[in-house]
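In this text, all values refer to a predicted model and were calculated from it rather than measured experimentally.
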There are 2 protein chains.
Amino acid sequence: MSTNLAPPQRKKAGEKRDPTATRRALLGAGARLFSEKGYDAVSVEDLARRAGVNKALISYHFGGKRGLYTAVLESGFAEVADRLRVVEEAADARAGLHRFFGVFEDMTRRRSDFPALFLREAVSRGIEPAVVPHLLAIMGTTRRLAERGHREGLFRKVDPLLFHFSLVGALGFFFATEPARRRAAAHVRFEMPTPRAFIHHLEEMTLRGLAPEPSPIAKQQSNKRKGART
Amino acid sequence: MSTNLAPPQRKKAGEKRDPTATRRALLGAGARLFSEKGYDAVSVEDLARRAGVNKALISYHFGGKRGLYTAVLESGFAEVADRLRVVEEAADARAGLHRFFGVFEDMTRRRSDFPALFLREAVSRGIEPAVVPHLLAIMGTTRRLAERGHREGLFRKVDPLLFHFSLVGALGFFFATEPARRRAAAHVRFEMPTPRAFIHHLEEMTLRGLAPEPSPIAKQQSNKRKGART
DNA sequence: GTCTATAGGCTGATAGAC
DNA sequence: GTCTATCAGCCTATAGAC
C-alpha cells in the first residue's frame with residue numbers, strides 16, 4: 001500500500017478528474033500535515049486546501065478526518081514493514097543489521113513524514129488498531145535479528161524487546177526531530193548532524209554493544225575497585 | 001522549580017483557599033493531561049475539572065491555556081536539567097554515565113509525565129522558547145560527559161551531539177511509550193519490560209559501544225571477506 | 001465525484017458579581 | 001481569588017444541487 005506523496009496538484013473547480021488522484025492528494029496532504037502538527041491541530045479545511053481538493057471529499061473518500069488519518073498511518077507502517085523484509089534475506093545477522101539501518105536511512109528521503117507520525121502515535125494513548133499487525137511485524141524483524149545474531153555467534157545474547165526499543169527509539173527520535181533542528185539551526189549557530197552520520201554512529205555503537213565479549217561493567221568492577229559510584 | 005504534581009484536591013465552591021494550591025493543582029493537571037493527549041486535544045474544561053478548580057482560573061493564573069502549558073513544560077525541563085548536575089560531580093566519566101541513567105530512572109517515578117511531554121514537544125514545530133536554555137544545559141551535560149570520557153581514556157572519541165541524540169532518543173521513547181505498552185499488555189499477551197531492565201540494557205550497550213578499542217566493522221572487514229553486504 | 005451551504009457542537013477567553 | 005454567564009469563532013460532518 002505504498003503512497004507516493006503526490007504534490008498538491010490543484011484542480012479547477014467543477015472539473016472531473018481521476019478519483020484516485022483525489023485520494024492520493026489527500027493522503028499526501030495528510031502525511032505532511034498530521035506529521036507536522038499532530039492529528040488534533042489539523043483541520044479538514046487545512047487538509048483540503050493542501051490537497052487542492054474540496055473538504056467534503058474527505059468524508060466521501062475516507063469517511064471523515066479520522067479515516068484519512070488511519071489510512072495515512074497504515075500506509076506508512078505498511079511500507080516500513082514491507083521494506084524491512086530485506087533484513088531477513090541478508091547473508092548474516094551483521095549484514096542484516098546493516099540493511100536494517102539502511103532501510104531507515106532510505107525512509108528519510110522517501111517518507112520523511114513518517115518518523116514524526118510514528119512517534120506521535122507511539123506516545124498517544126491506544127495505538128490505532130489498523131497498524132498493530134505492521135507494528136508486530138517490525139518488532140518481529142528486530143527480534144529475529146537479535147536471535148539470529150546470537151545463534152550465529154556474532155552477537156551476545158540480549159533481550160530482543162529491549163534491543164528493539166533502543167534502536168527504534170533512537171532512530172525515530174533523530175529523524176522526527178530533524179525539522180525542529182533545521183528550524184533551530186536557522187536562529188542559533190548549530191552544526192546540523194546528517195542522517196548518514198547519525199546512522200553510522202548508531203550502527204557502530206550497536207555492533208560494539210553487541211560484540212560477544214565479557215561485560216565492560218563486570219570487567220571494570222573486578223579490575224579496579226575504587227568505589228564512589230553514587 | 002520543582003512542582004510536586006499535587007493530587008486533584010477538590011474545593012467546595014466559593015471557598016477561599018491558598019492561591020498557590022490552585023496553581024499547583026493546575027500544573028499537576030496540565031502535566032498529566034498534556035502528556036497523555038497532547039496540547040491540542042486537551043480543553044481548558046478538562047484541565048479545570050481534573051484540577052478541581054474553576055476554568056476561569058487558568059486565564060487568571062497563567063494567562064490562558066498556552067501559558068499553563070508553557071509553565072508545565074518549563075518546570076519539567078528545569079527539573080531534569082537540575083537533577084542532571086550530579087553527572088558532572090561523578091568521580092569519572094563512567095560513573096557519570098551511570099548517574100546519567102540513574103537520573104532518568106528516577107524520573108520514571110517522580111515525573112512519569114515528563115517523557116511524553118518532552119517527546120511531543122521535540123517532534124513539534126518550534127520548540128517553546130522558554131525551555132531552550134534548559135535544553136542546552138541537558139545537551140551540554142552529555143557533550144561534556146563524552147568529552148571527559150575521552151580525555152580520561154575511558155571512552156573512544158564520538159560525536160557528542162550524535163551521542164546525545166541516541167541516548168536521549170532511546171530513553172525518551174522507552175519511557176514515553178510505557179503507558180501505551182501497559183494498555184497493549186492488557187489486551188494481547190505481552191511481557192512488559194521494566195524500566196530497570198531497559199536502563200541496564202542501554203547502559204551496557206553504551207559502555208561497550210564506547211569502549212576504546214578498534215571498530216568491529218573495520219576488524220571484521222579485514223578478518224574475513226565474504227562479501228554480500230548490500 | 002465534486003461542490004456549496006449550513007447545521008450543531010465545542011472551544012478559549014472574559015466581563016462583571018461576589 | 002474565585003465564580004457564573006456568555007460570546008464569537010472554529011470545528012467536523014452532511015444534505016442536496018450539479
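Nearest to the side chain of H61(A), among dG1(C), dT2(D), dA13(C), sits dG1(C). In this structure, of dG1(D), dC3(C), dC3(D), it is dC3(D) that holds the atom nearest to the side chain of N54(B). Proximity note for K65(A) (side chain, C-beta onward) versus dA13(D), dC3(D), dG12(C): the nearest is dA13(D). For A56(A), the side-chain atoms get nearest to dT4(C) when compared with the rest of dT4(C), dA13(C), dC3(D).
Regarding F62(A), its CZ atom lies at a distance of 15 Å from the C1' atom of dT2(C), rounded to whole Å. The distance from atom CZ of R49(B) to atom P of dC10(C) is 12 Å, rounded to the nearest whole Å. Between R66(A) atom CZ and dT12(D) atom P the separation is 13 Å, expressed in whole Å. Across the protein-nucleic acid pair, Y60(A) atom OH and dA15(D) atom P stand 14 Å apart, rounded to whole Å. In this entry the distance linking CG of L57(B) with P of dC18(C) reads 18 Å, nearest Å. As a whole-Å value, the separation of I58(B) CD1 from dA13(C) P is 9 Å. As a whole-Å value, the separation of E45(B) CD from dA13(C) P is 13 Å. One interatomic measurement links the two molecules: CG of L68(B) to P of dG12(C), which rounds to 12 Å at whole-angstrom precision.
Two rings, from F118(A) and F175(A), have their centers 6.0 Å or more apart. Y69(A) and F62(A) have their aromatic ring centers separated by at least 6.0 angstrom.
In this structure, the side chain to side chain contact (heavy atoms under 4.5 Å, CB included) partners of A56(A), at least two apart in sequence or on a different chain, are N54(A). Under the rule for a side-chain hydrogen bond (donor to acceptor under 3.5 Å, both in side chains), D40(A) has no partner lying at least two apart in sequence or in another chain. For E36(B), the side-chain hydrogen bond (donor to acceptor under 3.5 Å, both in side chains) criterion is met by no residue, not counting sequence neighbours. Remark: K65(B) pairs with F34(B), Y39(B), V44(B), L47(B) by the side chain to side chain contact (heavy atoms under 4.5 Å, CB included) rule, at least two apart or across chains. Considering only residues two or more places apart in sequence or on other chains, R143(B) meets the salt bridge (charged side-chain N to carboxylate O under 4.0 Å, His left out) condition with E147(B). Remark: S59(A) pairs with no residue by the side-chain hydrogen bond (donor to acceptor under 3.5 Å, both in side chains) rule, at least two apart or across chains. E128(A) meets the side chain to side chain contact (heavy atoms under 4.5 Å, CB included) test with R66(A), T70(A), L73(A), E121(A), A130(A), V131(A); sequence neighbours excluded. Every side chain to side chain contact (heavy atoms under 4.5 Å, CB included) that T177(B) has, sequence neighbours left out, goes to A122(A), F173(B), R181(B). Residues passing the side-chain hydrogen bond (donor to acceptor under 3.5 Å, both in side chains) test with E178(A), sequence neighbours excluded: none.
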Could you go over nucleotides 6-10 of chain D and give all protein N or O partners under 3.5 Å, atom names and distances?
none

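Comparing the axis of the opening five pairs of the helix from dG1(C)-dC18(D) to dC18(C)-dG1(D) with that of the closing five pairs yields an angle of 0°, rounded to 10°.
Side-chain nitrogen and oxygen atoms of S59(A) include none within less than 4.0 Å of the OP1 or OP2 phosphate oxygen of dT12(D).
Applying a 4.0 Å cut-off to non-hydrogen atoms, none of the residues of residues 33-42 of chain A approaches DNA chain C.
Checked for salt-bridge contact, R148(A) and E88(A) miss the test: no charged N lies under 4.0 Å from a carboxylate O.
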